[in-house]
Protein chains: 2
Amino acid sequence: MPTKRQETTAHVHSPAIEDYLEQIHNLIEAKGYARVVDIAKNLRISQASVTNMIQRLDAEGYVIYERYRGVIMTDAGRKIGQEIARRHEVLTRLLASFGLDPQTVHEDVEGMEHHISRQTLEVLTLLMEELEGNPELLMKLKRQLG
Amino acid sequence: MPTKRQETTAHVHSPAIEDYLEQIHNLIEAKGYARVVDIAKNLRISQASVTNMIQRLDAEGYVIYERYRGVIMTDAGRKIGQEIARRHEVLTRLLASFGLDPQTVHEDVEGMEHHISRQTLEVLTLLMEELEGNPELLMKLKRQLG
DNA sequence: GCGGAAGTTTAGCCTGAGCTAACTATTTTG
DNA sequence: CAAAATAGTTAGCTCAGGCTAAACTTCCGC
């Protein structure tokens, strides 16, 4: 893997970090708080790994963490969490509109969501909106999918 | 042995492996052979890392490797290399048709190409073809991009 | 208000995939 | 055809991000 060389300037974050922040963001949206055990369950990794990463997220300024007490997000963390959630939603709606099986959609979205620039997100949003507002076109394309 | 169906190109290989096989495939297409030094240059990693990985690719049956003599691809390796190259091409054409800057296209494609299922590839191919055959629609969408 | 269940943290380990430095092999060229 | 340049390899590191086992905290029912 051509690992992105660490930019000295604006700090770049890994897919893993994005996954955690997206998850924490979603949990806080949904239940008002984010527990280690739930993050671990949703990401399907061990609780120990979550604790570990949360400490890193705190050190890097994405969350504020107090031992045994849970996390809250900083503005920086929330921003990233929201961005990823947005990419997730657009991709999911776009693919789902073609009737792909939900499991496949989920897997592809999980994989792709970390790699989409602002510009590409705009393109995909546009495509999604066009298809949602133009059922004729969508039907035509779906017919071609066989 | 009970029958274990494994039809859907199971993700048994890493993104890194796909990157190498895509690159080796492209080089062989273009020049008839793939040298360590060129693979390293294209993936922007060290030659030592390439040698290392090539040995793994041989061990896992994707290429045949002879010390100091270069690599050739097995059928398994070629299949993956072609698949990734195909995903690469579809994504590139789709995004480029909206006039996104080539550097951005390239980065996004590099990131996304490893995560696209057969079904999603079909959807994206369809969208690409529709836009290429329907300049009206493409123009309309591009106008909306601002 | 205490004891066990549930949740969290620590310690120590592993693997993938990069790196550099030093060496070896091959190719090119004066 | 030998020596310099180029290409390839090996050894030994690093780092991210997983893991398990065991220890520690918190919470809840009795």
Side-chain angles (χ1 to χ4, degrees), chain A residues 1-8 11-24 27-28 31-72 77 80 84 110-111 113-115, chain B residues 11-24 27-28 31-72 77 80 84 110-111 113-115:
Chain A
M1 175 180 55
T3 297
K4 271 274 157 69
R5 215 47 238 125
Q6 181 69 285
E7 313 269 332
T8 36
H11 50 150
V12 123
H13 41 261
S14 67
I17 284 179
E18 294 184 346
D19 281 332
Y20 281 92
L21 293 176
E22 178 186 17
Q23 211 47 67
I24 293 169
L27 282 166
I28 289 177
K31 339 180 26 177
Y33 57 89
R35 272 142 77 242
V36 167
V37 73
D38 292 324
I39 300 168
K41 223 166 268 164
N42 291 356
L43 296 178
R44 305 166 159 254
I45 60 188
S46 72
Q47 293 179 206
S49 299
V50 172
T51 296
N52 226 30
M53 179 59 99
I54 282 178
Q55 290 169 14
R56 232 186 93 200
L57 294 178
D58 178 294
E60 300 189 10
Y62 298 119
V63 305
I64 294 167
Y65 155 77
E66 215 170 332
R67 274 162 97 268
Y68 292 103
R69 278 300 138 118
V71 289
I72 63 176
I80 295 169
I84 298 297
E110 283 289 309
E113 64 186 358
H114 305 294
H115 303 284
Chain B
H11 270 192
V12 289
H13 44 261
S14 66
I17 285 179
E18 294 185 347
D19 281 332
Y20 281 92
L21 293 176
E22 178 187 16
Q23 210 49 66
I24 293 169
L27 283 166
I28 289 177
K31 338 179 27 174
Y33 57 88
R35 274 143 76 241
V36 167
V37 72
D38 292 325
I39 300 168
K41 225 166 266 166
N42 292 355
L43 296 179
R44 312 176 148 244
I45 61 187
S46 71
Q47 292 179 206
S49 298
V50 172
T51 295
N52 228 28
M53 179 60 99
I54 282 178
Q55 290 170 15
R56 231 186 92 201
L57 293 178
D58 179 295
E60 299 187 13
Y62 298 119
V63 304
I64 294 166
Y65 156 75
E66 214 172 330
R67 273 163 98 269
Y68 291 105
R69 280 298 138 121
V71 289
I72 63 176
I80 295 169
I84 298 296
E110 284 288 309
E113 65 188 356
H114 305 295
H115 304 283

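A note on names: the letters A, B, ... follow the listed sequences, proteins ahead of strands, and every chain is numbered from 1.
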field: For the student: nearest non-hydrogen atoms of A/V71 and A/A34, plus distance
entry: CG2-O, 4.0 Å

message: Is there a side-chain contact between A/E60 and A/H13 in this structure, where contact means two heavy atoms from C-beta onward sitting under 4.5 Å apart?
response: no

query: Which residue pairs pass the salt bridge (charged side-chain N to carboxylate O under 4.0 Å, His left out) test when at least one of the two sits in residues 37-53 of chain A, sequence neighbours left out?
result: A/K31-A/D38, A/R35-A/D38

Contact list (N/O, under 3.5 angstrom) for nucleotides 9-11 of chain D vs protein:
| unit_1 | atom_1 | unit_2 | atom_2 | d |
| --- | --- | --- | --- | --- |
| D/dT9 | OP1 | B/Y65 | OH | 2.8 |
| D/dT9 | OP1 | B/Y68 | N | 2.8 |
| D/dT9 | OP2 | B/T51 | OG1 | 3.1 |
| D/dT10 | OP1 | B/R67 | NE | 3.1 |
| D/dT10 | OP2 | B/Q55 | NE2 | 2.7 |

message: Is there a side-chain contact between A/S46 and the phosphate of D/dC19, meaning an N or O under 4.0 Å from OP1 or OP2?
response: yes

statement: Rounded to whole Å, OH of A/Y33 lies from P of D/dC27 at a distance of 12 Å

- line: side chain to side chain contact (heavy atoms under 4.5 Å, CB included) with A/Y20: of A/V63, A/N42, A/V50, A/I84, only one passes, and it is A/V50

message: Rounding to an integer number of Å, can you tell me how far B/I45 CD1 sits from D/dG8 P?
response: 13 Å

message: So B/D58 and B/E66, do their side chains get closer than 4.5 Å, heavy atoms only?
response: no

- request: Output all residues satisfying ring pair (Phe, Tyr, Trp, His ring centres under 6.0 Å) with A/H115, sequence neighbours left out; order by chain, then residue number.
  value: B/H115

field: Gap between atoms CD and C1', on B/E60 and C/dG16 respectively (whole Å)
entry: 11 Å

- request: Quickly work out the B/N42 CG to D/dA7 P distance and round it to whole Å.
  value: 13 Å

message: Just the rounded figure in Å: distance from P of C/dG7 to CD1 of A/I39.
response: 13 Å

- prompt: When you match A/M53 and B/K41 each to their closest nucleotide on DNA chain D, which lands nearer the 5' end?
  reply: B/K41

